[in-house]
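Below: one structure, written as structure tokens.
Each chain gets a letter, A, B and so on, in the order its sequence line appears, and its residues count up from 1.
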2 protein chains.
Amino acid sequence: MAKNRGYGRAETTTPALGSLDFALDRGSPVPLYYQLAQQLEAAIEHGVLAPGNLLGNEIDLSVRLGLSRPTVRQAIQTLVDKGLLVRRRGVGTQVVHSQVKRPLELSSLYDDLEEAGQGPTTQVVRNELVPAAPDVAAALGIAEGGEVTVLERLRFTHGQPVAFLCNYLPAGLLDLDTARLEATGLYRMMRSAGITLHSAHQTIGARAATAEEASRLDEKEGAALLTMQRTAYDDTGRPVEYGTHVYRASRYAFDFQLLVRP
Amino acid sequence: MAKNRGYGRAETTTPALGSLDFALDRGSPVPLYYQLAQQLEAAIEHGVLAPGNLLGNEIDLSVRLGLSRPTVRQAIQTLVDKGLLVRRRGVGTQVVHSQVKRPLELSSLYDDLEEAGQGPTTQVVRNELVPAAPDVAAALGIAEGGEVTVLERLRFTHGQPVAFLCNYLPAGLLDLDTARLEATGLYRMMRSAGITLHSAHQTIGARAATAEEASRLDEKEGAALLTMQRTAYDDTGRPVEYGTHVYRASRYAFDFQLLVRP
DNA sequence: TAGTGGTCTAGACCACTAT
DNA sequence: TAGTGGTCTAGACCACTAA
């Protein structure tokens with residue numbers, strides 16, 4: 001009995017990849033497996049490798065490319081991790097039917113808006129050192145009453161307010177120049193300060209706007225707002241930012257791609 | 001100049017791990033790297049390996065365990081992928097300071113509620129075959145007007161409505177028995193039918209409740225609701241489900257853990 | 001300079017899938 | 001049965017970090 005579904009599409013189409021030539025540069029500092037992965041990804045992106053296409057077995061590939069099998073496997077694995085390829089024992093490696101574009105990102109509102117061509121601007125409302133409230137202290141792993149930077153910003157696109165952002169950061173983590181904060185996003189400033197974000201915990205909810213929020217965001221009192229709380233961690237697992245954000249639901253929604261880890 | 005932050009914690013604590021003994025069973029069908037990864041994870045979970053602890057270099061580890069270095073690396077890599085360990089060239093491998101519990105999940109409302117001890121129940125409002133509307137057809141990659149199953153459910157906890165779920169599935173994908181749908185979740189039914197979810201695209205937003213939604217969810221008209229649209233794909237990338245969900249913001253919020261892929 | 005992880009090789013055997 | 005990916009070994013050299 002097939003454990004399978006009644007609506008089929010051909011599992012394989014063409015063996016393909018025969019004439020595909022990959023240019024590997026052994027002199028480059030870029031790892032060989034990475035060069036291969038990039039070129040495979042480009043081939044998939046450009047449709048040279050169509051969904052359902054088999055990639056050919058790893059041994060042949062490694063011989064043709066003059067690489068060892070583990071190296072080829074490493075290249076393939078990175079694309080499997082990205083969700084572009086699927087491996088099936090006894091079958092082969094094939095291009096996933098429907099592609100996943102953004103595997104997952106710790107999204108930055110500023111980057112999101114800029115990418116969407118929304119020309120974001122920022123107005124810093126508050127930027128000072130304060131003693132940590134209990135929730136902030138807990139989120140940042142700091143003693144209650146310890147110094148933290150509080151940052152309140154209004155974000156606009158096309159002159160319209162989109163969100164009110166309140167963030168807390170460990171004091172001294174970063175030079176939070178107000179002018180730079182208005183010219184770029186917080187995450188970009190952290191990145192350029194050598195802080196690499198690694199993970200985050202997010203809670204997304206909704207509620208009605210208070211009178212104050214309504215006036216700040218140019219909504220009516222009681223309008224639906226989207227809320228997000230986020231704690232972000234750097235690559236050693238130290239909390240580097242805790243934020244409470246409020247978005248106008250009429251102008252913003254969260255959009256992600258999820259991958260299920262096997 | 002240090003690219004580093006002014007609030008420090010010691011980078012390393014104890015070399016540790018000296019007496020930690022791992023039991024590897026070569027007769028087991030479970031891969032060696034996986035056995036090692038599990039035992040390392042358990043040691044971290046139980047605090048035997050504390051945050052900041054160095055793991056000792058890979059060569060020594062492999063000698064001590066009687067494994068080859070690539071096998072040990074593979075074990076470590078899976079934990080790095082999970083966000084439990086950090087590797088630094090020239091430094092070593094250490095346990096992340098603040099741990100990430102759920103790296104990421106394609107969350108199922110039913111499972112979420114059950115896990116939270118909320119005893120979810122479901123009422124199937126509608127379960128029939130209909131021709132696909134344009135948006136549904138586009139999401140499922142099916143011809144417009146083609147047959148799809150439409151499923152409308154109300155989900156409760158403690159007798160209170162939490163969400164109204166509307167899902168579309170390719171016709172014939174799954175046997176959608178109403179009784180089973182009321183006893184369990186849709187994703188569980190898909191999983192037990194051999195469909196392995198692989199990725200999904202989600203949009204989360206908010207809006208005010210319409211009169212109809214308000215009466216269904218026991219809210220007032222205009223109350224803030226949390227909305228989600230999701231298209232889920234199986235491991236070959238075929239869309240297997242498209243859904244439009246509405247949650248009572250007063251009773252539900254989305255909660256995730258995000259990992260940034262390097 | 002010594003020690004670490006990052007990359008790479010050239011094999012081997014096994015488990016699973018399809019025919 | 002033939003072909004595939006999954007796992008594993010025992011080395012090698014390099015790039016980076018810290019002292």
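- Contact check on A:Arg180 versus A:Asp175 returns no salt bridge, with no Lys/Arg side-chain nitrogen under 4.0 Å from an Asp/Glu carboxylate oxygen.
- Of the candidate nucleotides D:dT7, C:dC8, D:dG5, D:dG5 has the atom lying nearest to any side-chain atom of A:Arg89.
- The phosphate of D:dT4 has OP1 or OP2 within less than 4.0 Å of a side-chain N or O from A:Asn57.
- Between B:Glu58 atom CD and D:dA10 atom C1' the separation is 15 Å, expressed in whole Å.
- Applying the 4.0 Å criterion to OP1 and OP2 of D:dG5, one finds that A:Arg73 has every side-chain N and O outside that range.
- In this structure, A:Arg87 does not reach the D:dT7 phosphate: none of its side-chain N or O atoms is under 4.0 Å from OP1 or OP2.
- Of the residues B:Val80, B:Val96, B:Leu49, the one that meets the side-chain contact (heavy atoms from CB on, under 4.5 Å) test with B:Leu85 is B:Val80.
- With a cut-off of 3.5 Å on both Watson-Crick or G-U wobble distances, the partner of D:dC16 is given as C:dG3.
- In this structure, of D:dT7, D:dG6, C:dT7, it is C:dT7 that holds the atom nearest to the side chain of A:Pro31.
- Under the 4.5 Å side-chain criterion, counting only non-hydrogen atoms from C-beta, B:Leu79 is in contact with B:Glu41.
- Here C:dT9 presents its C1' atom at 15 Å from CG of A:Leu65, a figure rounded to the nearest Å.
- As rounded to whole Å, 11 Å separates atom P of D:dG5 from atom CG of A:Leu85.
- D:dT7 atom P lies 15 Å from atom CD1 of A:Ile59, rounded to whole Å.
- An OP1 or OP2 oxygen of D:dG5 is reached within less than 4.0 angstrom by a side-chain nitrogen or oxygen of A:Thr93.
- The base of D:dG6 sits within donor-acceptor range of the side chain of A:Arg69, with an N or O pair under 3.5 Å.
- Inspection of the A:Gln77 and A:Tyr33 side chains reveals no N or O donor paired with an N or O acceptor under 3.5 Å.
- Atom-to-atom, CZ of B:Arg88 to C1' of C:dG3 comes out at 16 Å; the value is rounded to the nearest Å.
- As rounded to whole Å, 10 Å separates atom P of D:dG6 from atom CD of B:Gln74.
- The partner of C:dC8, taking Watson-Crick or G-U wobble pairs whose two distances both stay under 3.5 Å, is D:dG11.
- Taking the six-membered ring for Trp, A:Phe254 and B:Phe254 have ring centres at least 6.0 Å apart.
- The separation between B:Arg26 atom CZ and C:dC14 atom P is 13 Å, rounded to whole Å.
- Closest-nucleotide positions on DNA chain D for A:Gly90 and A:Pro70 were compared, and the one nearer the 5' end corresponds to A:Gly90.
- For B:Tyr33 and D:dC8, the shortest distance from a side-chain N or O to OP1 or OP2 is not below 4.0 Å.
- No donor-acceptor pair closer than 3.5 Å links the side chain of B:Glu147 to the backbone N or O of B:Leu129.
- B:Leu61 places its CG atom 13 Å from the C1' atom of C:dT4, with the value rounded to the nearest Å.
- When distances run from any side-chain atom of A:Ser68 to the nucleotides C:dC8, D:dG5, C:dA18, the shortest one goes to C:dC8.
- Looking at heavy-atom distances under 4.0 Å, B:Leu32 makes contact with sugar-phosphate atoms alone, never a base.
- Distance from the side chain of B:Leu67 is smallest to D:dT9 among D:dC16, D:dT9, C:dT9.
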